Amino acid sequence: MRVLLTGAAGFIGSQVRRVLANAGHEVVAVDLMLAAAHGPAAPPPVGVERVDVRNPAALDDRLTGIDVVCHQAAVVGAGVSAQDAPAYASHNDLGTAVLLAAMSRAGCRRMVLASSMVVYGEGCYRAADSTSRVPAPRSRDELERGFFEHRDLHSGEPLGWAPVGEDTPVRPRSLYAASKVAQEHYAAAWATATDSAVTALRYHNVYGDDMPRDTPYSGVAALFRSALAAGVPPQVFEDGGQMRDFVHVRDVAAANLAAVERPLPGFVALNIASGQPISIGAVATLLAAAHLGPAPVITGKFRPGDVRHVVASPDRARELLDFTAAIGPEPGLTEFARAPLRAVGGAGAPTW
């Protein structure tokens with residue numbers, strides 16, 4: 001197939017480009033090369049064109065004969081301040097809307113969309129009797145006293161976490177999350193209006209080779225890894241008990257290949273996850289041990305808007321795409337402890 005891949009020079013996009021090409025697909029690779037992701041004045045890699053997906057003319061020139069668009073281009077991260085909002089809205093939401101319109105003009109009716117688990121906000125919670133609960137926000141008073149779990153409003157007891165399925169209502173908690181929800185909504189509406197197909201891959205915590213380092217817009221695994229590279233103990237917020245699903249970037253690339261090669265009708269959202277939950281504290285400990293670096297420090301610090309637990313159910317991706325992650329968190333993170341990172345420090349906040 002002929003595939004238009006946006007964000008092709010990025011951390012995830014470069015891996016997706018490799019697996020698509022290795023599988024025999026013709027890849028038209030484009031990337032805007034934003035400084036926040038690539039460093040200032042970075043040239044595109046060989047075989048990648050500098051293209052802004054917000055430019056309709058540039059897209060029209062490159063969508064001819066395209067069978068499917070694999071849309072990875074986005075400004076990522078939770079956002080540092082409200083001043084980041086225009087960048088998320090411009091690159092993620094306007095960019096997706098312009099791309100969808102261009103696809104309609106070109107007669108291209110299939111998209112694989114890079115989405116994220118951040119659309120869920122908090123994960124799923126259950127009371128002691130297994131009844132589902134929607135937790136109230138954690139109070140600053142309890143956080144300051146070191147009580148980090150959500151409480152059951154009925155009994156006052158801590159709530160347990162449960163895997164998040166794709167039918168869980170979306171409740172974005174950050175600027176980035178709001179932009180990913182908007183991307184999904186634009187794509188779903190486009191699929192209905194044009195009788196087209198969108199597979200939205202909700203990535204969980206992605207890590208692996210070439211992950212950006214030393215930037216507040218990167219993931220926690222890269223922040224821990226960057227600290228260890230500098231000889232500094234990883235700083236773990238709260239008590240380290242926050243549960244997440246870490247999925248290796250090679251598995252994410254494999255999921256994209258599966259979605260490209262296996263069309264699904266209409267709009268379908270799928271969790272892309274390892275299916276093996278792990279705590280943030282355990283991630284820091286694994287990385288520190290494998291790096292032979294200083295042990296992590298449990299700081300007790302907190303950010304009031306942070307999510308306590310969000311863990312995925314990978315069942316639907318296995319059923320519909322025949323995709324199962326091949327790399328578990330322990331071997332994957334052990335490898336990542338010595339993996340090369342992308343140096344983009346000092347690039348600053350994303351521009352719009």
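On a predicted model such as this, the values are computed, not experimentally measured, just so you know.
Taking Ile, Leu, Val, Met, Phe, Trp and Tyr as members and joining any whose side-chain heavy atoms lie under 4.5 Å apart, directly or through other members, the hydrophobic cluster of Tyr186 also contains Leu4, Val28, Val30, Val51, Val53, Leu59, Leu63, Ile66, Val69, Leu94, Val98, Leu99, Leu100, Met103, Met111, Leu113, Trp190, Val198, Phe267. Members clustered with Trp161: Met243, Val311, by chain and number, using a 4.5 Å side-chain heavy-atom cutoff among hydrophobic residues. With a 4.5 Å cut-off between side-chain heavy atoms of Ile, Leu, Val, Met, Phe, Trp and Tyr, the cluster of Phe302 takes in Leu143, Phe148. With side-chain heavy atoms closer than 4.5 Å counting as contact, directly or through intermediates, Val48 stands alone and belongs to no larger hydrophobic cluster.
Residues satisfying the side chain to side chain contact (heavy atoms under 4.5 Å, CB included) criterion with Leu320, sequence neighbours excluded, are Leu264, Val268, Leu270, Arg316. Partners of Thr285 under the side chain to side chain contact (heavy atoms under 4.5 Å, CB included) rule, at least two apart in sequence or in another chain, are Pro296. Annotation: side chain to side chain contact (heavy atoms under 4.5 Å, CB included) contacts of Arg110 (sequence neighbours excluded): Met1, Val68, Ala197, Pro263. The salt bridge (Lys or Arg N to Asp or Glu O under 4.0 Å) check on Asp210 picks up Arg342, with sequence neighbours excluded. Every residue two or more places apart in sequence or in another chain that forms a ring pair (Phe, Tyr, Trp, His ring centres under 6.0 Å) with His248 is listed here: Tyr207.
Atom CZ of Arg133 and atom SG of Cys124 lie 13.5 Å apart (nearest 0.5 Å). Atoms CG and OG, on Leu287 and Ser226 in that order, are 10.5 Å from each other to the nearest 0.5 Å. Distance check, rounded to the nearest 0.5 Å: CG of Leu201 to SG of Cys70 gives 7.5 Å. With rounding to the nearest 0.5 Å, the separation of OG1 in Thr64 from CZ in Arg62 is 10.5 Å.
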Output a table of donor-acceptor pairs, distance under 3.5 Å, between side-chain atoms of residues 330-337 and any protein atom two or more places apart or on a different chain; print 'none' if there are none.
unit_1: Thr334; atom_1: OG1; unit_2: Glu330; atom_2: O; d: 2.7
unit_1: Glu335; atom_1: OE1; unit_2: Arg250; atom_2: NH2; d: 3.2
unit_1: Glu335; atom_1: OE2; unit_2: Arg250; atom_2: NH1; d: 3.0

Could you pull out all donor-acceptor pairs under 3.5 Å where a side-chain atom in residues 273-281 meets a protein atom, sequence neighbours excluded?
unit_1: Ser274; atom_1: OG; unit_2: Asp245; atom_2: OD1; d: 2.9
unit_1: Ser274; atom_1: OG; unit_2: Asp245; atom_2: OD2; d: 3.4
unit_1: Ser274; atom_1: OG; unit_2: Phe246; atom_2: O; d: 3.4
unit_1: Ser274; atom_1: OG; unit_2: Gln276; atom_2: N; d: 3.0
unit_1: Ser279; atom_1: OG; unit_2: Ala282; atom_2: N; d: 3.0

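In summary, Arg50 and Asp31 do not engage in a salt bridge, as defined by a charged side-chain N under 4.0 Å from a carboxylate O. Salt-bridge formation is detected for the pair Arg308/Asp239: a Lys NZ or Arg NE/NH1/NH2 atom is positioned less than 4.0 Å from an Asp or Glu carboxylate oxygen. A salt bridge links Glu122 with Arg173: at least one charged nitrogen is closer than 4.0 Å to a carboxylate oxygen. Taking a cutoff of 4.0 Å between a charged side-chain nitrogen and a carboxylate oxygen, Asp322 and Arg318 do not qualify as a salt bridge. Contact check on Arg105 versus Asp60 returns a salt bridge, with a Lys/Arg side-chain nitrogen under 4.0 Å from an Asp/Glu carboxylate oxygen.
Judged by the 6.0 Å distance and 45° axis criteria, Arg151 is positioned over the aromatic ring of Phe147.
When the side chains of ILVMFWY residues are joined at heavy-atom separations under 4.5 Å, either directly or via intervening members, Met33 and Val16 end up in two distinct hydrophobic clusters. Neither Phe237 nor Val283 shares a network with the other; the hydrophobic side chains, linked directly or stepwise wherever heavy atoms of I, L, V, M, F, W or Y lie under 4.5 Å apart, form separate groups for each.
Checking side-chain atoms of Asn271 against main-chain N and O of Pro314 turns up no donor-acceptor pair under 3.5 Å. In this structure, the side chain of Ser179 engages the main chain of Tyr176 through a donor-acceptor pair within 3.5 Å. Formation of a donor-acceptor pair under 3.5 Å by the His204 side chain with backbone atoms of Arg244 is not found in this model. The main-chain N or O of Glu157 is never found under 3.5 Å from a side-chain atom of Glu149 such that the two would form a donor-acceptor pair. Lys180 places no side-chain N or O within donor-acceptor distance of the main-chain N or O of Val76, the cut-off being under 3.5 Å. Proximity of a side-chain donor or acceptor of Asn256 to a complementary backbone N or O of Val252 within less than 3.5 Å is detected. When atom types are taken as modelled, the side chain of Arg225 and the backbone of Ala339 share a donor-acceptor pair closer than 3.5 angstrom. Here the side chain of Gln15 pairs no donor or acceptor atom with the backbone of Gly13 at under 3.5 angstrom. The main-chain N or O of Asn92 is found under 3.5 Å from a side-chain atom of Gln183 such that the two form a donor-acceptor pair. Thr192 places a side-chain N or O within donor-acceptor distance of the main-chain N or O of Ala188, the cut-off being under 3.5 Å.
Defined by atom type and a distance below 3.5 Å, a donor-acceptor pair is missing between the side-chain atoms of Thr194 and Arg109. Using modelled atom types and a 3.5 Å distance limit, the side chains of Thr131 and Asp129 yield a donor-acceptor pair. Between the side chains of Ser115 and Glu184, at least one donor-acceptor pair of N or O atoms lies under 3.5 Å.
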_Residue pair Val75, Leu34: steps toward the side chain to side chain contact (heavy atoms under 4.5 Å, CB included) verdict_ = CA-CA 9 Å; Val75 171; Leu34 283 172; 3.8 Å; yes
*Intermediate values then yes/no, side chain to side chain contact (heavy atoms under 4.5 Å, CB included), Arg202 and Tyr120*: CA-CA 10 Å; Arg202 290 174 175 169; Tyr120 298 120; 3.0 Å; yes
_What verdict does the side chain to side chain contact (heavy atoms under 4.5 Å, CB included) test give for Leu32 and Arg54, after you've listed the backbone C-alpha separation in whole Å, the side-chain angles of each residue and the deciding distance to 0.1 Å?_
CA-CA 10 Å; Leu32 183 55; Arg54 299 168 299 176; 3.9 Å; yes
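Among the candidates Arg303, Arg138, Lys301, the single residue satisfying the side chain to side chain donor-acceptor pair (under 3.5 Å) test with Glu238 is Arg138.
Minimum interatomic distance between Gly123 and Val164 (heavy atoms only, all atoms of both residues): CA-CG2, 3.6 Å. For the residue pair Ala9 and His38, the shortest heavy atom distance occurs at O-CE1, 3.2 Å. Between Gly208 and Val249 the shortest heavy-atom distance is CA-CG1, 4.0 Å. The heavy-atom pair separating Met211 from Ala222 by the smallest distance is SD-CB, 3.6 Å. In plain terms, the two heavy atoms of Arg213 and Ala229 that are nearest each other are NH2-CB, 3.5 Å. Contact record, Ala82 with Leu175: CA-CD1, 4.0 Å, taken as the closest heavy-atom pair.
Side-chain atoms of Met117 and Asn205, non-hydrogen and from C-beta on, do get closer than 4.5 Å to each other. Counting only heavy atoms from C-beta outward, the side chains of Pro294 and Val232 never approach each other to under 4.5 Å. Put simply, the side chain of Asp152 does not reach to within 4.5 Å of the side chain of Tyr125, judged on heavy atoms. A 4.5 Å side-chain heavy-atom check between Val260 and Val3 finds at least one atom pair inside the cut-off.
Applying the side-chain hydrogen bond (donor to acceptor under 3.5 Å, both in side chains) test to residues at least two apart or on different chains, the pairs with a partner in residues 1-13 are Arg2-Glu26, Thr6-His71.
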